[in-house]
Amino acid sequence: FLSRATQILKWRQAQRAKPEFGITILEDLTLEDVNEKEKSVTFKFKVNQNMANEYNTLHGGAYTTFLDECTSLTVWTYNERNKRTTSVNMAFNFMAPAAMNEEVLVKAEAARIGKGMAFAKAQFFSAKSGKQIGFGEHTVAFSNENYPLEFQANDQGIQG
């Protein structure tokens, strides 16, 4: 699943030509770990000016965008049917601010993947202190549309 998760993240980052807030945020997202047993994927990003609010901390909208993107990428990693998803519900709990230039770890987990819906959750941590700074849940529905490409486990990148 590591290769699949890497390919999905690269594919999503390659969509930058299509203007969308989530795509610009993804430029700073890196893949840190894939745990098949837990059905989780851990990501890392560094808070920058494009994500910050007037207090120079991570904006609440950026937190929720990372929740959306990280949980979606995780569901796509473990949903081998390659179906597109649509958000049904999302909730985020803010526990502490993430300061400018702080590295944040996001551990996203596909809690349950069914035929029509998936339930995911994510925890946000300060990479430096290990302190939890937020958590959220994300429910998605699968559409009948496939991804525009098939993800294949190989070392040559995205194949489609």
Side-chain angles (χ1 to χ4, degrees), residues 1-80 85-113 118-140 147 151 153-158:
F1 285 97
L2 175 60
S3 179
R4 181 177 169 84
T6 300
Q7 291 174 24
I8 290 170
L9 179 58
K10 286 181 183 177
W11 166 73
R12 189 74 175 117
Q13 288 172 327
Q15 293 182 324
R16 279 181 247 157
K18 181 178 162 186
E20 178 185 319
F21 181 66
I23 299 300
T24 58
I25 270 189
L26 285 174
E27 293 174 358
D28 301 302
L29 194 64
T30 59
L31 183 66
E32 295 295 305
D33 184 52
V34 175
N35 186 321
E36 185 177 349
K37 183 178 178 184
E38 294 180 358
K39 288 193 175 174
S40 68
V41 180
T42 302
F43 303 90
K44 184 166 70 173
F45 67 90
K46 187 175 185 178
V47 178
N48 65 43
Q49 192 62 45
N50 295 331
M51 307 169 192
N53 57 26
E54 63 189 82
Y55 305 107
N56 285 321
T57 61
L58 187 63
H59 189 281
Y63 267 111
T64 55
T65 299
F66 278 114
L67 172 66
D68 182 10
E69 294 292 349
C70 293
T71 54
S72 293
L73 291 165
T74 300
V75 166
W76 296 341
T77 296
Y78 295 104
N79 167 31
E80 297 185 44
T85 57
T86 300
S87 294
V88 175
N89 189 37
M90 193 179 322
F92 195 87
N93 294 281
F94 306 94
M95 298 171 67
M100 184 70 68
N101 297 315
E102 183 173 354
E103 290 188 326
V104 176
L105 292 172
V106 181
K107 182 178 180 184
E109 179 186 337
R112 182 177 186 283
I113 299 177
F119 303 87
K121 57 187 177 180
Q123 296 175 295
F124 288 60
F125 300 92
S126 165
K128 184 177 180 180
S129 71
K131 176 182 170 184
Q132 186 173 3
I133 58 175
F135 63 94
E137 296 178 341
H138 187 195
T139 304
V140 296
Y147 293 117
F151 302 106
N154 63 49
D155 295 328
Q156 298 174 4
I158 304 167

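Being a predicted model, the structure only gives us computed values, none of them experimental.
There is a side-chain donor-acceptor pair under 3.5 Å between Asn48 and Asp28. A donor-acceptor pair shorter than 3.5 Å can be found between the side chains of Glu32 and Thr30. Side-chain contact annotation: Thr74 with Glu109, donor-acceptor N/O pair under 3.5 Å absent. Side-chain atoms of Glu69 and Thr65 form no donor-acceptor pair, as typed in the model, at a separation below 3.5 Å. Side-chain contact annotation: Asp68 with Thr64, donor-acceptor N/O pair under 3.5 Å absent.
Ring geometry, Tyr78 versus Phe1: the interplanar angle falls from 30° to 60°, so the pair is classed tilted.
Of all heavy-atom pairs spanning Val47 and Ala98, the tightest one is CG2-CB, 3.9 Å. Of all heavy-atom pairs between Leu67 and Ala91, the closest is CD2-O, 3.5 Å. Pairing each heavy atom of Thr71 with each of Ala120, the nearest pair is CB-CB, 3.7 Å.
The distance from the SG atom of Cys70 to the CG atom of Leu105 is 10.5 Å, given to the nearest 0.5 Å. Rounding to the nearest 0.5 angstrom, the gap separating the CE atom in Met95 from the CZ atom in Phe135 is 6.0 Å. Remark: Lys39 NZ to Arg112 CZ distance equals 10.0 Å, nearest 0.5 Å. With rounding to the nearest 0.5 angstrom, the CD atom of Gln123 is 4.5 Å from the CD atom of Gln132. Atom-to-atom distance recorded for Leu73:CG and Leu29:CG is 7.0 Å, nearest 0.5 angstrom. Considering CD of Glu102 and CD1 of Ile133, their distance stands at 5.5 Å, rounded to 0.5 Å.
Checking side-chain atoms of Ser87 against main-chain N and O of Asn89 turns up no donor-acceptor pair under 3.5 Å.
Between Met90 and His138, the closest side-chain pair of non-hydrogen atoms falls below 4.5 Å. The closest side-chain heavy-atom distance from Thr57 to Met100 is not below 4.5 Å.
A distance of 6.0 Å or more separates the ring centres of Phe124 and Phe66. Two rings, from Phe43 and Phe45, have their centers 6.0 Å or more apart.
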Could you check Phe125 against Val104 for side-chain contact (heavy atoms from CB on, under 4.5 Å), going step by step and ending with a plain yes or no? CA-CA 6 Å; Phe125 300 92; Val104 176; over 6 Å; no
For the pair Leu31 and Leu2, evaluate side-chain contact (heavy atoms from CB on, under 4.5 Å) and give the outcome as yes or no after the intermediate values. CA-CA 9 Å; Leu31 183 66; Leu2 175 60; 3.9 Å; yes
In sequence, state the C-alpha distance, the side-chain angles, and the governing distance for His59 and Met51, and then conclude on side-chain contact (heavy atoms from CB on, under 4.5 Å). CA-CA 6 Å; His59 189 281; Met51 307 169 192; 5.9 Å; no
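Between Lys107 and Glu38, at least one side-chain nitrogen of the basic residue sits less than 4.0 Å from a carboxylate oxygen of the acidic one, meeting the salt-bridge criterion. Ion pairing between a basic and an acidic side chain is recognised when a charged N comes within 4.0 Å of a carboxylate O; Lys44 and Glu103 show such pairing.
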